[in-house]
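For ligands, and for the atoms within them, numbers begin at 1 and follow the listed sequence. Quick note: numbers below take in every heavy atom, side chains included, and nothing from hydrogens, waters or symmetry partners.
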Amino acid sequence: MLATCMVLGRVLLLQLIDYLTRNYMSDPFVTKLMNTTRIHILPSMNPDGFEASGRDCMYSQGRFNKNGVDLNRNFPDAFLSNSEQVREKEVEAVMNWLKTEPFVLSANLHGGAVVASYPYDNSNGGSELQGKSSITPDNDVFVHLAKTYSINHASMQKGNKCYDSKDFADGITNGYSWYPLEGGMQDYNYVWAQCLEITLELSCCKFPPEHDLPGLWEANKPALLAYVQQVHLGVKGQVLDSNGTPVQNASVEVQGRRNLCPFKTDRNGEYYRLLLPGSYTITVTYPGYEPLRETVSVPYGPDRFTALTRNFQFREPTCPSPVRNRENHSAALLPSTITALTALTLHTLLL
Ligand SMILES: *[C@@H]1O[C@H](CO)[C@@H](O)[C@H](O)[C@H]1NC(C)=O
Ligand SMILES: *[C@@H]1O[C@H](CO)[C@@H](O)[C@H](O)[C@H]1NC(C)=O
Ligand SMILES: *[C@@H]1O[C@H](CO)[C@@H](O)[C@H](O)[C@H]1NC(C)=O
């Protein structure tokens with residue numbers, strides 16, 4: 001999913017749609033990418049803010065919707081309970097959208113800096129807090145995703161050249177270490193929607209003049225395409241019961257990566273885990289069945305436009321079925337409602 005709350009983001013995502021559709025069946029890369037990937041693009045998550053935007057570079061007016069709410073502070077937060085907060089319609093729509101598809105990878109586009117920022121954006125001082133950063137169990141993957149963007153961008157990896165003079169090594173940053181924020185979309189997508197999301201800050205000027213737009217598209221085009229291709233990292237597959245029927249809500253855990261909410265199979269019994277090349281032990285559990293465990297060697301999928309496929313099939317149910325609730329979330333981890341966002345969503349096709 002690619003979503004944007006920014007003026008430039010809307011232009012870039014419309015350009016991307018145009019580029020992908022125009023080059024399908026003529027450009028081999030675009031054709032392969034489109035044949036193997038479901039791409040969802042939300043070119044405007046905050047249409048009220050877009051209309052209200054000041055035309056100067058530093059405006060902040062356009063950040064809010066008509067109700068004066070910053071949508072990127074309005075999602076349920078993983079580290080504190082903000083369930084009493086009213087979810088804006090836009091956020092609610094995005095939260096509901098996230099439930100309709102097994103989104104795997106996403107990015108949301110912003111302006112005011114030039115950097116790729118990755119989760120977490122928030123912390124409550126638990127084990128995720130390491131030094132000045134709030135680190136996810138999938139930190140290696142997030143750093144790789146952020147670097148994929150910054151290195152393929154025309155200038156991002158050279159560090160931030162904007163007004164606040166903060167220097168970003170390799171053009172990437174942990175969200176929290178830059179500045180902590182509550183209710184952001186990237187933490188929400190990752191923690192609750194199993195969708196790895198990063199935040200792309202794409203220009204110092206929040207409302208670039210028209211004559212800058214072609215150059216900004218050229219600067220971001222290779223980075224956007226390379227980022228979309230990363231949806232093919234890792235391993236994917238289907239979980240079946242002893243009769244061969246897909247099992248929804250089976251948990252698929254990768255050893256050493258204890259996600260706040262375990263990743264679950266979707267209604268087709270499918271799961272997706274973005275992982276860098278290496279050896280991983282995967283444990284699949286579902287109440288009433290003996291857990292399945294397998295160690296897999298994961299190659300680099302993006303070059304082949306497919307993640308490694310590994311299916312799992314449970315043996316006969318154990319009897320009587322001990323219903324084990326493997327989830328034990330604090331109240332703060334339970335999402336209440338959602339509001340809106342602009343997005344491009346990505347997920348792989350299970351081939
Ligand atoms: C993409 O899919 C189309 C339609 O199925 C097919 O004709 C074409 O050969 C495929 N190309 C590649 C590169 O996968
Ligand atoms: C899977 O979990 C979702 C969310 O908790 C629930 O709505 C759905 O009914 C569950 N499906 C099955 C088959 O248990
Ligand atoms: C869930 O967590 C709470 C608080 O840490 C603990 O008291 C409780 O025993 C846990 N429940 C299960 C089923 O593990």
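- At a distance under 4.0 Å, no protein heavy atom can be found next to atom 5 (O) of ligand 1.
- Distance check, rounded to the nearest 0.5 Å: OH of Tyr118 to CD1 of Ile198 gives 10.5 Å.
- Interatomic distance, Arg257 CZ to Asn259 CG, rounded to the nearest 0.5 Å: 8.5 Å.
- Atom 9 (O) of ligand 1 is not flagged as protein-proximal [any protein heavy atom, distance under 4.0 Å].
- At a heavy-atom distance under 4.0 Å, no atom of Met34 approaches ligand 1.
- Which parts of ligand 2 touch Asn249 is read off a 4.0 Å heavy-atom cut-off, strictly below it: atoms 1 (C), 2 (O), 3 (C), 8 (C), 10 (C), 11 (N), 12 (C), 14 (O).
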Evaluation steps, side-chain hydrogen bond (donor to acceptor under 3.5 Å, both in side chains), between Thr285 and Ser251: CA-CA 5 Å; Thr285 50; Ser251 92; 2.9 Å; yes
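- Note on ligand 1: Phe29 sits outside its first shell, no heavy atom being nearer than 4.0 Å.
- Cation-pi geometry between Arg273 and Phe263 is satisfied (NZ or CZ under 6.0 Å from the ring centre, within 45° of the ring normal).
- The N/O atoms of Asn35, backbone and side chain alike, include one that comes under 3.5 Å of an N/O atom in ligand 1.
- For the pair Asn174 (side chain) and Tyr176 (backbone), a donor-acceptor distance under 3.5 Å is present.
- Distance from atom 7 (O) of ligand 1 to its nearest protein heavy atom, with residue and atom name: Met25 CE, 3.6 Å.
- Open room surrounds CZ on Arg293; 12 or fewer heavy atoms of other groups in view lie less than 6.0 Å from it.
- Within a 4.0 Å radius of atom 14 (O) of ligand 2, the protein contributes one or more non-hydrogen atoms.
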